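Below is one structure; the comments refer to it alone.
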Protein chains: 2
Amino acid sequence: MKANLEDIAKAAGVSKMTVSRVLRGGTGFSDDTRDRVRKVAESLGYVPNKLAAAFGADQASTLVGMCVPRLTSGLFGQVLDGVDRALSRLGYQLIIGANNHSTEEEEAWVRQIVSWRPAGLILSGRTHQPGTVDLLRQAGMPVVEIWDLTTSPIDMSVGFSHVDCGAEMGQHLLRRGRRRAGYVGALARADVMGQARLDGFRAALAEAGHPLVASELLLDMPGFYAGLYGLETLLSRTRDLDVVYFHNDEMAIGGLAYAQARGIRVPEDLGIAGWGGMEAASILPRRLTTTVVPTTAIGKAAAEALVARLKGEPGQDVTVVPTRLVPGETG
Amino acid sequence: MKANLEDIAKAAGVSKMTVSRVLRGGTGFSDDTRDRVRKVAESLGYVPNKLAAAFGADQASTLVGMCVPRLTSGLFGQVLDGVDRALSRLGYQLIIGANNHSTEEEEAWVRQIVSWRPAGLILSGRTHQPGTVDLLRQAGMPVVEIWDLTTSPIDMSVGFSHVDCGAEMGQHLLRRGRRRAGYVGALARADVMGQARLDGFRAALAEAGHPLVASELLLDMPGFYAGLYGLETLLSRTRDLDVVYFHNDEMAIGGLAYAQARGIRVPEDLGIAGWGGMEAASILPRRLTTTVVPTTAIGKAAAEALVARLKGEPGQDVTVVPTRLVPGETG
DNA sequence: CTGAAAGCGCTAACAC
DNA sequence: GTGTTAGCGCTTTCAG
């Protein structure tokens, strides 16, 4: 990794500046010069130094940072995919981090990343440490908050309302005749967005006069086994339920497995509903009642909003993406 | 984002160098100076510029690049998680990219990332473009190839043998009395590691005198629905199978769903086996026969091997991680 | 169309 | 314990 612009310039008999212009595909050089410079660069195995470029220029790199709650979440994997595709197409590189549902960890990550002078940041959720918000406002760098809708973003927001998701599901289950609902969650209270769905769910039920009967908030990660175990625990406390809403589809599918193992008929004896819209929900023998979230579209929209802002193009500060309740055969 | 070392130096009445030493937690300053500098830095809202630091120092940043086949793969999400946890603990930041199972896309990504002068790179798979290998060797930067075992890595390798995975599963199914096996894959031939499992599987069957009866290689992503559809397609061509090996667990579970929908009894009428060890495999009414891959451990080992190399600590060039065939109730 | 000069913010090396 | 000097590789600005 030795050759730099100077080396190429010498070998090609031009100045550094001309080499720089040629290699960045600018204008202001003859075809002859261009060909000569390119050939020399190639033969020297030149690799540009973006560290120097970003530093020397105006301090803004083509790095974009993105912080997600967990890297093992299937939904966030899809969001990341949407972001990555859009960003790499536009010439940016993606730095990622996980905050483990902690705003403190998020702040630590943001401090690290901001010192790389990224072009922008994508954060998950609307809840942050005050210090994080101060830092980002002061840095004046484009920030997109995704996943959870906020009407007063730090800068921009792409998301949907978790409260509404929960409320809609509550109303749907009530329409289906369910009257005694339970809830199985995970991550304790660390996941504010899961909490928001529970809040919406609870409020919708209460409003209709059929309040939530019982809930079980596990400490675990929201996986298949947690759902199975969570339903078992919930039912050991209260048998008298006619439907259970789960933190997400993985857990709901775990709940389904428990019901099947115990001979509990779904949906006859017990309704089951999930959230997220994982692919497996639609191929189950009985399709899972769930809320489909447009994950990849959110990622794409976030990346594009960020880049639009960087290019000075007009764009919306708040983008609401629609979720869709898909009635299945389980509730 | 205005304050720099100079500003702090002036306000604290010391030199830039002293500020630099204090802020990096070095030695060579009085307690008094330290406290004063820290206070000033804090009050000025100083954010260090890693671009300048990495550039000015020795050209090696604390950035680590990692390229995975797909960001939507659950298994790679777990690997990323392992890498991220280890790396962030050690003070590095993670740049990611997806190559969509294409070595050409991988090379384009590597060229972008190398120009950020990362401390090291983690690549997935052992197959790369010649240009990629040349570039990396020339750059002399630590590289860990993960997932697919190679005894002649570019630099280091952490993985296991996909051929062995397939062979083991073939032998296991033969021991269980299966004689007419089929295979359902995805991603056509783009996924060389899935191909390797098929190769191993096929060879084990042939060796025992019960060669593979039929296989169906879909173009799709290896998901639940692809598995369902793939089994349907395979069986429409050949009814006479007593077991089917799938590209991964998602697809196997999709196959299970198809069998259930069609009244095909598993494992009586048809055995089903997957690969990967996703959590859902173990909570199915009939636990899926599969191969468990230590995803997070691979990520952790890769990150640690990289950092050991950076610190000049001795380490192994090739780390073999064991996979484990878990006999379930489906095959 | 091309080049020279200046400087981005930081750190290594050395001097005091 | 602290300061000075030099320079990393590039781009911006301005001059020709």
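In this text the structure is predicted, and so the values were computed from the model without any measurement.
Nucleotide dT2(D) holds its C1' atom 16 Å from the CZ atom of R34(B), rounded to whole Å. Note: NZ (K10(A)) to P (dA4(C)) measures 13 Å, nearest angstrom. As a whole-Å value, the separation of L23(B) CG from dG9(C) P is 15 Å.
Listed pair T18(A) / dC1(C) fails the phosphate criterion, with no side-chain N or O lying under 4.0 Å from OP1 or OP2. Applying the 4.0 Å criterion to OP1 and OP2 of dG1(D), one finds that T27(B) has every side-chain N and O outside that range. OP1 or OP2 of dT2(C) sits under 4.0 Å from a side-chain N or O of S30(A).
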Check your understanding: Could you go step by step and tell me if Q93(B) and I113(A) meet the side chain to side chain contact (heavy atoms under 4.5 Å, CB included) rule?
Key -> CA-CA 8 Å; Q93(B) 292 80 42; I113(A) 299 312; 3.7 Å; yes
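With no hydrogens or angles considered, a side-chain donor-acceptor pair links R24(A) and S20(A) at under 3.5 Å.
Contact detail for L80(B) and L71(A): the closest heavy-atom pair is O-CD2, 4.0 Å.
Put simply, the side chain of E145(B) gets close to the backbone of I154(B): a donor and an acceptor are under 3.5 Å apart. With hydrogens and angles disregarded, a donor-acceptor distance shorter than 3.5 Å links the side chain of S124(B) to the backbone of C67(B).
Sorted by first and then second residue, the ring-ring contact (aromatic ring centres under 6.0 Å, His included) pairs involving residues 73-115 of chain A (not counting sequence neighbours) are F76(A)-W147(A).
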Please produce a list of atom pairs where a protein N or O lies less than 3.5 Å from an N or O of nucleotides 10-14 of chain C.
| from | atom 1 | to | atom 2 | distance (Å) |
| --- | --- | --- | --- | --- |
| dC10(C) | OP1 | Y46(B) | OH | 2.3 |
| dC10(C) | OP2 | L5(B) | N | 2.7 |
| dC10(C) | N4 | K16(B) | NZ | 2.8 |
| dT11(C) | OP1 | R24(B) | NE | 3.4 |
| dT11(C) | OP2 | S20(B) | OG | 2.5 |
| dA12(C) | OP2 | R24(B) | NH1 | 3.4 |

